[in-house]
There are 2 protein chains.
Amino acid sequence: MVNHAGTFEAEEDFRSLSDSLFEQLSEAIVRGEFSPGAKLSEPRLAARYGVSRGPLREAIRRLEERKLVTRTPRQGVRVIVPSRKRAVELFHIREVLEGLAAREAARHATPDEIEALQAMLRQHGQALARPDAMVYWQARANSDFHFLIARIARNEQLFALLSGEYYTLFRLYRMQHRLVPGRARRALLEHERIVDAIADHDRDLAEMLMRRHIAAARKSLEASMGEEGADQASTACSDLGAGNL
Amino acid sequence: MVNHAGTFEAEEDFRSLSDSLFEQLSEAIVRGEFSPGAKLSEPRLAARYGVSRGPLREAIRRLEERKLVTRTPRQGVRVIVPSRKRAVELFHIREVLEGLAAREAARHATPDEIEALQAMLRQHGQALARPDAMVYWQARANSDFHFLIARIARNEQLFALLSGEYYTLFRLYRMQHRLVPGRARRALLEHERIVDAIADHDRDLAEMLMRRHIAAARKSLEASMGEEGADQASTACSDLGAGNL
DNA sequence: CCGAAAAATTCTGTCGACAAAATGAGAGGA
DNA sequence: TCCTCTCATTTTGTCGACAGAATTTTTCGG
């Protein structure tokens, strides 16, 4: 069995409370259940999830290491406040990392893997005709594509980075950005060209196309978050009486 | 703000025990005080550093997140075992990240920063004539250069990645690799060309030169770790009775 | 003498509790 | 009315303790 992180969970998946909390909190942050900048109170969270503060603190330390929360020494942790600046910086990083993934995928892809990529593209093309194409694309298709490329690249460190450690952050910042009309179809075209380059084992081209693909997404996001200033959460964050825990 | 003693209390750097332990353990692992693969027993470490297991576990969770230790569910954590495969993978990642840093540095560098880079190169050139040139180069000069580039790039996420989160890992794997004779002088030449490109604000060239520079280091390391197999620690790790804590 | 089962020990995962500090509320004075 | 000082409450950082599991040691049979 292969979980979403791509690791083989042959050994009985014993998840400690800390692991479970880490996943739940990550998901909750990405899904916006905690508003940006909201304070995470340890006693309340402990009561909320029915656990002690020990495992909770371990989970929070991991969230902090992944930059999903920020911590001020004697003051506690707060959910990260997405900013246009950070989003752009993150996309620049993602651009080169995914470029490397495409390059290494072009280097190592087997015929079977190339076929798998092409099959996925066909499926995505069919899905694009459905009514909920946009939401599906943003939620699943895009992730599937980049996930598979990262796996084919055969670089465990890179795979862990793209599909695990940074994946949540990417999702968090992608949530901000509603897909512009027509972007999905264009993205599929770009995906197809990238797969072509990988099928040809053309490393340089695969990397260049992937970088342009990510750069296009970044520019779309930059335009979307256009004039919202450094921290768009200056309007609604800090403390909303009810929603923060 | 000025306190009653008249000194500026610039957010007095309060470090929790967890933070302190995290730094100490990271340093100890990189410096080889814990042999690769050695088990880290929580009670012994707690006694060793005179702290409780609570903060220690938080520090260990952060070490785990940074891949300095590996954790098996009901079995504890062990120091990572450096392998040729992982080292090569890490250098591929570093290649594109430092390439991005050079690109962004070429984009954003001010005249002052360019002058600082050139001054540092002059200093490194003089240091290269000293008797302990090699060890100095590996210990300081190389880090200084890449550190400064990352700062000039003006990408906080990238800077945190290169000079913080991944820096320890890079050091760990670099420890394995003794600098080959003549490499230092060649590296300095490569550094000079990179700075030239940055001074010219030639983004593409700066990125390309930096990537070649890292790739050269990687190839040198690949040759050095040549035939040592996947896990060179198969000879001496596991448990050496005295040295593990 | 060697191998296997059983007991003892150690260790991980988790919990509740305490002290210092920070936040917030409330009284008092200008 | 508004500011400030004081006090109460919440929260962070830390510690010691317990249950279950894993490891090691001991013991017993072949």
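All values below come from the heavy atoms of this structure, side chains included, with hydrogens, waters and symmetry mates left out. Since the structure is predicted, the reported quantities are computational estimates derived from the model, not experimental observations. Numbered from 1 within each chain, the chains take letters A, B, ... in sequence-line order.
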In whole Å, I'd like the distance from the OH atom of Tyr49(B) to the P atom of dT14(D). 16 Å

Taking C-beta and beyond as the side chain, do Leu56(B) and Leu25(B) meet within less than 4.5 Å on heavy atoms? yes

Polar side-chain atom of Ser35(B) near backbone of Ala38(B) as donor-acceptor pair, under 3.5 Å: no

Please determine whether a side-chain nitrogen of the Lys or Arg among Arg154(B) and Glu89(A) lies less than 4.0 Å from a carboxylate oxygen of the Asp or Glu. no

Side-chain (Arg78(A)) to main-chain (Gly37(A)) donor-acceptor, under 3.5 angstrom: yes

Can you give one letter per nucleotide of nucleotides 6-16 of chain C, going 5' to 3': B for a protein heavy atom under 4.0 Å from the base, S for sugar-phosphate only, - for none? -----SBBBBB

Examine the side chains of His191(A) and His124(A) and answer whether a donor and an acceptor come within less than 3.5 Å of each other. no

